[in-house]
Amino acid sequence: MGDPDGGRMEVHPGIAVSPGYAIGPVAVLREDGVRVPHRTVPAKAVPAELAKVEKAFEAALEEMNELARSAGAGTEVQSILSTHQMLLEDPALRASIEQRLREGKLGAETAVAEALDAISLRFENLPDPYFQQRAADVRDVRRRLLRPLTGVRGGSKSGGDPAVIAVRELSPSATASLDRAATLGFLTDVGGPTSHTAIIARSLGIPAVVGLGDVVSRIEEGAIVVVDGNRGEVVLNPDESSLARYRALAEKHAAWMKLLSKLRELPAETRDGHSIRLMGNIERPDEVDGVLRAGGDGIGLFRTEFLWVPGKPPPDEDEHFRAYVGAAKKLGGKPLTIRTFDFGADKATPDPGAEREPNPALGLRSIRWCLERPQVFLPQIRAILRAATHGSVRCLFPMISGVGELRRAREFVDRARVQLRAEGVAVPDHVPVGVMVEIPSAAVLCDLLVDEVDFLSIGSNDLIQYALAVDRVNARVASLYEPAHPALLRLIRNVVTVAGERNVPVSLCGEMAGDRLYTVLLVGMGFRDLSISARAIPEIKQAIRSITVEQARHAADWCAGARSAEETRGRIREAMAELLRD
Amino acid sequence: MSATTAGGEVVVRNAQGLHLRPATEFAKLAMATGCRVQVRTDAGDANGASVLELAMLGITQGVTLRITAEGPSAGDAVRRLIQLVESGFVV
């Protein structure tokens, strides 16, 4: 592949939106805004032209059905396709084409092009940006209909040799009609992490770098390129040593993906048959796909802060609801644990009226802040209750310090339920409510808290910070931030033990849960639920599958005798080495 | 059942307005009622069974929809459509 006649090597930074490495020849897609000459026909030819239009609709719908089938249910591709399908089936669209054709005696392709151009123009002229963007969908449908009428091949690379697709901007339907097997990767000039291209590339598992600026116009068809979807770089005409380096990286990535897909099918079960529920932590609804792909058993922590865009008013109930239902539906019956707003300290509040505090980590943040703002908090609670009719939804309150605060938060749940019922909105009789144990007071009082909640979730990141009085983002003290500190382990152990005695499920979410060094310890202490990032799921699953609960208990008991963090870590390593020997 | 005509008004409450998905729900219901449904806003008229025409009105939050239905049980059809809009398009 190292073409000796190739141009000079160039490295272009972009935005990594879908991981992996693609190495190969590039296929440059030109945006195909098909130009249609104005053609009129004699009156007697009108029925024949109408029949052509009818056929074009049939062909477009059939093509779409096929694409939808290959995309699979519930995928992003399918939702875009269903929009286009709906437009194709719209009675007004056909009526408008037919009217133009009959009255103007137009050729089929002219009538189709003019009708759709008029529609996309109307969308472009609407004031709201959402509706303006629908013009792109209309243009997409136009392309689809004109393809059978003009014999112009569309933007799909189907059947060709495998290639990296380079295009200024990938239209939704071009993305959908790409032949997955022949598409090594994507690079585009425009777009960002939440663009359609990004979402679709991720859902298809194709490496992609977007937002390259002005690169596509300078690429020659067939040139060798590397798309580094991990770092967000595109290398044109790589030299031999870069090629070798990227081939090695690609191989490593492929081996990792293979292990991942093998582990995905296997249960997170210890060698002696105890299953551990491995759930994912997410920040946006579309991340559910990644968790499921990695073999997760649900969502143990859905951070909802993304819903409030800085500079904008707080989200209304419907915006909350849509995000939650979207995630719940993707999960089927698997749990979706929605943590209510946790603004403050490291997660800057978007509230423009917020006062500066000298010590924000100990200030008016998280649940404390929500309890003072019913106009922000209540819509979120109402949306959670409404979403609970669509899946296994759980409501999680952050930063609870004791029973009083828990009761005040629960009052919102009761109030929301009464309101909704009075409005005739269906709400399940029981929506599980839990609290984050992340303030040491909550860990100490967990015997009282378990009487009034359905589940607990230990937030180890904040619990470490508050128990050890260490700000983990402050580099000067960061070395004192110690998950293996005996004080922390005693706090955690107390919570798991008490919750276990009362049969209240307890999970641990926080970086500690995603670090395989602590897996033996956590399983041994009694955790049966862990919530981690999607990326860590395969690795932790593998760790779980290599131990027995009996061994883990011994290891945890032995570690409990350690007198310092260093000693704990030493004991964990020794225990793990012993397990590996067995 | 004899054909009737009925009408009513409703203000769009949900934040997005009549985006394609809500518009689809509206058109589906309009079609299911078996009535000829017309939607009028200050921006113009749309066939209630056409997602495209509804979308082209660019209906955002706060816009008043004047709905008329013509056909069997038109009153019931209008009532159900208003309910759908008021529910924030939850089906």
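Chain identifiers are assigned alphabetically (A, B, ...) following the order of the sequence lines, protein sequences preceding nucleic acid strands; residue numbering begins at 1 within each chain.
- By the neighbour-count criterion of 12 heavy atoms within 6.0 Å, atom CD of E62(A) is sparsely surrounded, having that number or fewer from other residues, nucleotides or ligands.
- With a 6.0 Å radius and a threshold of 12 heavy atoms from other residues, nucleotides or ligands, R36(B) has its CZ atom at or below the threshold.
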- Taking it one step at a time, do F123(A) and M56(B) satisfy side chain to side chain contact (heavy atoms under 4.5 Å, CB included)? CA-CA 6 Å; F123(A) 277 116; M56(B) 280 195 291; 3.6 Å; yes
- Message: Please determine whether side chain to side chain contact (heavy atoms under 4.5 Å, CB included) holds for the pair Q61(B) and D316(A), giving the CA-CA distance in whole Å, both sets of side-chain angles, and the decisive distance to 0.1 Å.
- Response: CA-CA 12 Å; Q61(B) 189 179 29; D316(A) 68 13; 4.1 Å; yes
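- The structure places CG of D318(A) at 6.5 Å from CZ of R13(B), a figure rounded to the nearest 0.5 Å.
- Here the closest heavy-atom approach between residue A92(A) and residue E53(B) is recorded as CB-OE2, 3.3 Å.
- Using a 4.5 Å cut-off between heavy atoms, L87(A) touches chain B through its side chain atoms alone.
- Using a 4.5 Å cut-off between heavy atoms, E86(B) makes no contact with chain A at all.
- Most heavy-atom pairs under 4.5 Å with chain B, from the set R322(A), E317(A), E319(A), E423(A): that is R322(A).
- Classification of the H19(B)-F131(A) ring pair by plane angle, with boundaries at 30° and 60°, yields perpendicular.
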- Would you check, one step at a time, whether the test side chain to side chain contact (heavy atoms under 4.5 Å, CB included) holds for F321(A) with N14(B)? CA-CA 11 Å; F321(A) 178 69; N14(B) 58 312; over 6 Å; no
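- In R40(B), the CZ atom is not crowded: 12 or fewer heavy atoms of neighbouring residues, nucleotides or ligands sit closer than 6.0 Å.
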- Verdict with reasoning, S50(B) to D90(A), per side chain to side chain donor-acceptor pair (under 3.5 Å): CA-CA 6 Å; S50(B) 165; D90(A) 198 281; 2.5 Å; yes
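- Here the CG atom belonging to L20(B) is positioned 5.5 Å from the CZ atom belonging to R134(A), to the nearest 0.5 angstrom.
- Expressed to the nearest 0.5 Å, how far CZ of R94(A) lies from CG of L52(B) amounts to 12.5 Å.
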